[in-house]
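Below is one structure, written out as structure tokens, with a few remarks after it.
Quick note: numbers below take in every heavy atom, side chains included, and nothing from hydrogens, waters or symmetry partners. So you know, we letter chains A, B, ... as the sequences are listed, proteins then strands, and number each from 1.
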Amino acid sequence: MSQASVGHEGHAEHEGHADGHGHGSAEHAKYPFLAHHFETPAQQFDSAKLGMWLFLATEVLFFGALFVAYAVLRSRFPEVFSYGSHYLDTVMGGINTCVLILSSLTMALGVYFAQRGKRIALLICLWLTMAGAAGFLVIKYFEYSHKIHENLVWGPGFYIPPHNAIGEAESVALAHAPTPAPAAVAAPLNSAPSAVPMIGAHPTVDASVVKPASMGPLGLGAGVVNHASAVTHDIIPDQLPSAHLEDTKMPPNTHLFFAIYYAMTGLHGFHVIVGMVVIGMLIYRATRGDFGPNYFTPVDLVGLYWHIVDLVWIFLFPLFYLIH
Amino acid sequence: MTTIVTPRPELLDTSATTDNYLTFTRGFRSWALTLDHKRIGVMYMSAVLASFFVGGVFALLLRTELLTPGRTIVSADTYNQFFTLHGAIMVFLVIIPSIPAALGNFVLPIMLGAKDVAFPKLNLFSFYLWVGGALFTLYSLAAGGFDTGWTFYTPYSTTTTTGGVIPVLTGVFILGFSSIFTGLNFIVTVHKLRPPGMTWFRMPLFLWALYATAIIQVLATPVLAITVCLLIVERTMNIGIFNPSMGGDPVLYQHFFWFYSHPAVYIMIVPAMGIISEIISVHAHRQIFGYRFIAFSSIAIAMFSFIVWGHHMFVSGQSGLMNTIFSLISFSVAIPSAVKTFNWTMTLYKGTISLTAPMMYGLSFIFLFTIGGLTGIHLATLNTDVHLHDTYFVVAHFHYVMMGSALIGMIGGLHHWWPKMTGRMYNEKAAIIACIIIFVGFNITFFTQFMLGSQGMPRRYYDYLPEFQIYHVISTIGAYIMACGFFLCAACFVQSLLGGKKAPANPWGGRSLEWQCTSPPPHDNFSAPPTVGNCYDFSMLRWDEKEQGYVVDKELEAVAIAAEARGHS
Amino acid sequence: MTQSHSNTAHADHPLVGHLVPVSTLLATASALLVLTVITVAVRYIDIGEFNLWVAIGIAVVKAGLVASFFMHLRWDRPFNLLVFIGCMLFVVLMMAFCVLDTSQYRSTQYTGNPPVAQETLDANAPGAPVARFKPGLNP
Amino acid sequence: MLSTLTSIFIATASVQTAPPVATPADFWLPIGASVQAHNVDLMFNIINYICYFFFVVILAMMVWFVIKYRAKPGTRIRTDGMTHHAVLELSWSVIPLLICIAIFFFGFTGYVDLITPPKNSFDVNVTAFKWGWQFKYPNGAQSDNLVVPSNRPVRLVMRSNDVLHCCFIPAFRVKKDIVPGRYSTLWFQCDIPTGIEEKNGYHLFCTEYCGTGHSNMNRRVMVLPQAEFDEWLVKQAQWLDEIPDDELYFKAGPKIYARCQQCHSLDGTVGLGPSWQGVWTRLTTPGGARFSDGKSYSDIIGLGKEYATPEDYIRDSIYNPGKHLVATYGNVMPTFKGQLNDRAVDSVIGMMKHLDEFDVKGAWTKTLPPAAAKTETKSEQK
Ligand code: HEA
Ligand code: HEA
Ligand code: CUA
Ligand SMILES: [Cu+2]
């Protein structure tokens, strides 16, 4: 492998260079940033780079698994995805894509200026990148809060109209009654077998929407189905924050689109936040004047990280926002 | 039997007493904040052994409960927590970090001739991640335990009412990152820190094995991390991707889990195989047979391991087509394993075999791995797996490979490098007796489980049919015997620490670089750059009457080096 | 480009690594922006199945641009490229297997809304259309 | 495309062998009583012999070399061993590879037989739940143990109400996970009738871990000749209806209770659910906070309240167990809606009212008046 990597960059192979001028200590005296177990700055830089790339590989697989979940869900429910996609705001998504691309550009420029030893230019670039990240998050915040207001969320909540759609009292009751938080975890399977096809049904007949006739005697049944509904009925679909509940074309399982949407964009958003933290650290160090043509590895590595965050978004954008 | 030994005197560096990595600096802080890979390795080793003890105690409790059908000592719920904890501790806390993080950390840079791993701080960070993960696992006990099985299958794991599920998932997540960073560190170290002369094909096979393992760690573990994240989100927020009552798919969870956990079983075995390659050749004083085949077979196992995960899901509802594909590919992993097994055996041929304690573990490994691996064939075959899946046959299979092979390999490696790590010898006779007890106890415990399983006894069973009792009793007795063996083994180590004979630099006549530095090694590993030669060339050893062992003969060494130089030019 | 043997780094040349000219970076960014516009535009043309593949194709091209120029892969050590491509391949592999499998067993899965969703729906919007949605959407 | 591919596979592979008789139990395997068992056992044994062979070869080489080349003090290092041998190494890669491909192929064809039910199979609907099974037959009959006709392929169409379960019948060499949210199928054909005696039946286990009662989800499979089976089926469909109302609680009650006993004791032992001991007194005496939300029985039972009578309350607790949780107990009980009909629930309620007539195992301790005893002998049901 290392034979193959004899660089066009002209790095002597580290096996080779050590006989040439193998005295690490001389190099160490010259380059204070050189750690004791490396022989040359090139070796240190290459190691750091390879380490970062391996880390990026783990990031790719980390996101990759979610992409797999996405692909599986989409292949199972294509109609859910093309339907759900229309609830996402292409304009906001598009703007965000551009914001990330531009912040990637400033980051790449930052690396360039760090390599050239231009401290002020580097700082400007880092601040711009930071601003891009913040801008991205702000837009994302508006998107999320809009969705949540429209009740486009994951899980059972997707089917519960938000508070202001119905009377205050009912809404409170509703929000707490059917799936209180802890029980939502433990209970769903136990409490809802009626939605599972009844025994004896032929396998191809789906009974999930057919309620079994209540088998209980008088006295039972009244409480089973909650009738807080009359209110929701009168609301005009377009003005209803959770318009999807009134949409006759909504396919079953639409909540899954939002589940995977929040999972993936949420994880991505988290990476943006981490990116802001590390860029912040770079800004601190750059202000202190740590970087120059000899030593800019941290800038380079954070740059790689930031680009991979951009790269993930490049895939997320068409996969969620741009489904025909 | 008593071929304990000393090497050529000039390597018995007297300065060892004044400067070695153990005494280099002192005090708690100097250990807690150390960046020295050797110290980190030692800390890992102690932590892993402690976890092994805990996991072993759970195993004994399990076995005791299974002495009789119905209740013996605990209730069904407690039993379920026991085997879950046993499995989770043994897998995530013991066997995955044991060889790469504990032994690998200590040995890899020295074997390679480097001063340290590429990222010492990251290395220490990995260790603390391990500690954090272990603490979370412990905390999960306080939070109510967890009874999901080590596989965390949904929807059981998302609906069970035991309170420790989220803490342990967090723990697994953290442990995953610990493992990732170790792997990352090793790959970079092997790529970038090889000293002059250390070409890829001069690397000892243990390094190849660690390298292959690291590839798996880096590429597979992130998937586990995201999977447990999704489980946590599923439990706390009912997101529904794996939850059938929200339209999700539990089988998808299994795909995710095994995408990691199948490669994970090779994270356990591949480094152990590396250790065995070292042990067999060093203690048989014989050039390893088929170096390149063994080296490449490690890489091949690493690569194949990614595409066979579905063999754990033959009856899980996975489609027939995928079952077929996965079954076919599963067999492919058997080939590199076969290559290794036969090559080790051939290495014994025309060797000069010293039956030292490490060698005894090495031979046990070959014996047990052959059984464990071959029974993998029953499981990889589609129609027999339908019968055997989730029975004790599988339990027996994976104990043969995880405990009988991976863990035995680890203990063997520990015996092999113990003099190097601590600078002390242990009582070899006692160590060999311990090995034999463990070996016998192991086979009594787990061979019966093959019969149990093929007779139809399902695993994870608290209660069982009376006709199975006889097997269970035998198995439990075996487990007690094995425990005695481990206690004896531990006692040997303790005795060695307290009053063991001082170890020479090269007690076994090994040729790889770690035997060139003193025992224990100095802080910087090598005062002068080591000379890299063929680490499997033992022709320069000669019997030393005084030391009752093999030592390196200067003249013979010069001859060998000259010969090699000729061969290479 | 600087050789690692050289003892001092000149002002213009880093001691290690590759210096990518500003013009290249700007060109890359412009290309990315243009491609973004294209991918949005394509959404409004109905080409059936192909919409997905076109979108992914464009995304792959963009990813390639980012990786080779912003991330310097074009000048980096080949092994780093191998790492990057390799891990992508593993994702693709996992995806292929999982999608293949789920598509195979799809016919055995219940259709319609899953239990909890249906229950919530019944409880909160009993007249809601989804409940009326015909089951058996997936064959 | 893929499905055609699979069907081609299946077509080429299902070379169905003539139904053999049972394979006897041996050292490794239990009795094989289904038509598929023969193939599986054959495969198992072939692999076994291959394993024995390789194991013995490796062990023999190992032991021999260790003995032969053991170093005695003073032995000179041997240097005449070869370092590699391409032909040898290739051969022990290629030969195992060929063997593996062969094993794969036969395993695969056997597997295709295992998963492809013949067209004329008899269908039984199976529901698995924590922690029990319900088998429902085409005529509406239900049973707790599986009863099937012999000499006829039987297909189980399985569903789960809660978590993963797995149906495993060792004697038939069949196994299949039951995944909630979908139908799993499994088929077998057994030609060796067992009679209706439960103790003679083949074992059926749950082999996918499903919690506390996982190891008690084992039931029996009884195989009856077709005529006997048909008769059983008809009776089974009606057994509850045949019992007069006033005898329901002691004739049907204990049988139904068998499914509750996992969690509810009769002697006051705390289980996963409240003990039935004294339940009727509790329900009918006013006061006392009984529910986790602080309410007491008398808050919800009574005229004009949520439940008019205690019977209504019990019935709803069986159908909607999570609605009111008795204090200190978790929401763990599955619903029995669709599994227990009115009469079944009535019999349970009746049993609760007359608990003093039952022992702690749920067996009725009184004896029938002579007249009633006659009907009892007739309907011996499971
Ligand atoms: C260290 C761990 C380890 C190792 C190395 C292996 C090795 C192998 N395993 Fe194992 N396995 C586990 C750990 C491991 N396994 C665990 C933990 C489980 C259960 C998890 C759970 O459910 O909890 C499991 C379960 C498991 C299953 C699923 C069973 C089930 O649940 O139904 C299968 C199925 O294919 C399988 C197959 C194999 C195969 C083919 C190998 C091969 O790699 C073996 C290759 C080796 C040899 C074949 C022997 C040497 C070769 C020769 C002597 C040459 C001659 C050989 C031939 C001609 C074939 N394993
Ligand atoms: C590396 C992994 C590993 C190891 C080593 C072991 C070791 C043992 N295991 Fe196992 N086991 C698993 C991994 C492992 N196990 C897994 C993954 C499962 C599946 C869990 C699940 O289903 O979810 C399982 C399940 C499992 C079961 C099945 C439970 C069930 O399905 O119901 C049983 C039953 O017999 C069992 C028994 C044992 C026994 C007796 C040992 C013994 O070998 C233990 C002996 C060890 C000791 C007694 C400790 C002594 C230690 C010291 C004294 C200190 C040591 C110090 C030095 C040596 C220096 N284990
Ligand atoms: Cu049901 Cu295990
Ligand atoms: Cu596996």
Inset, instruction - Compare every heavy atom of A:Met107 with every heavy atom of A:Val299, then report the nearest pair and how far apart it is. - result: O-CE, 3.8 Å

Legend entry - Distance in Å, A:Leu54 CG paired with C:Asn80 CG, rounded so as to fall on 0.5 Å steps: 8.0 Å

Inset, instruction - Taking all non-hydrogen atoms of both residues into account, name the closest pair between A:Phe291 and A:Phe296 and its distance. - result: CD2-CA, 4.2 Å

Inset, instruction - Check each atom of A:Val312 against the heavy atoms of chain C and say whether the ones under 4.5 Å are side chain, backbone, both or neither. - result: neither

Legend entry - Heavy-atom pair count under 4.5 Å with chain C, highest-scoring of A:Tyr321, A:Phe67, A:Tyr112: A:Tyr112

Legend entry - Proximity breakdown for A:Leu311 and chain C, heavy-atom pairs closer than 4.5 Å: side chain

Inset, instruction - Any chance you could measure C:Arg106, atom CZ, to C:Asp101, atom CG, to the nearest 0.5 Å? - result: 11.5 Å

Inset, instruction - Measure the CZ-CG distance between C:Phe84 and A:Leu56 for me, rounded to the nearest 0.5 Å. - result: 7.5 Å

Inset, instruction - Give, as side chain, backbone, both or neither, the part of A:Ser75 having an atom under 4.5 angstrom from any heavy atom of chain C. - result: both

Legend entry - Structural part of C:Thr102 lying under 4.5 Å from a heavy atom of chain A: side chain

Inset, instruction - Side chain from CB out, backbone as N, CA, C, O: work out which of these in A:Ile308 comes under 4.5 Å of a heavy atom of chain C, or both, or neither. - result: both

Inset, instruction - Check whether any side-chain heavy atom of A:Phe77 sits under 4.5 Å from a side-chain heavy atom of A:Pro251, and report yes or no. - result: no

Inset, instruction - Measure distances from A:Phe317 to the heavy atoms of chain C and classify the residue's part below 4.5 Å as side chain, backbone, both or neither. - result: side chain

Inset, instruction - Identify which of C:Met94, C:Met71, C:His72, C:Met88 forms the greatest number of heavy-atom pairs closer than 4.5 Å to chain A. - result: C:Met71

Inset, instruction - Answer with side chain, backbone, both or neither: which region of A:Ser104 has an atom nearer than 4.5 Å to a non-hydrogen atom of chain C? - result: both

Inset, instruction - Under 4.5 Å heavy-atom distance to chain A, tell me which part of C:Val60 shows up: side chain, backbone, both or neither. - result: both

Legend entry - Residue A:His255 versus chain C: region with a heavy atom under 4.5 Å: side chain

Going by atom type alone, with no hydrogens or angles, which donor-acceptor pairs under 3.5 Å involve a side-chain atom of residues 20-36 of chain C and a protein atom two or more places apart or on another chain?
residue: C:Thr28; atom: OG1; partner: C:Thr24; partner atom: O; Å: 2.7
residue: C:Ser30; atom: OG; partner: C:Leu26; partner atom: O; Å: 2.6
residue: C:Thr36; atom: OG1; partner: C:Leu32; partner atom: O; Å: 2.7
residue: C:Thr36; atom: OG1; partner: C:Lys62; partner atom: NZ; Å: 3.1

Inset, instruction - Sequence neighbours left out, what passes salt bridge (Lys or Arg N to Asp or Glu O under 4.0 Å) with A:Lys49? Give chain and number order. - result: A:Asp300, C:Asp76

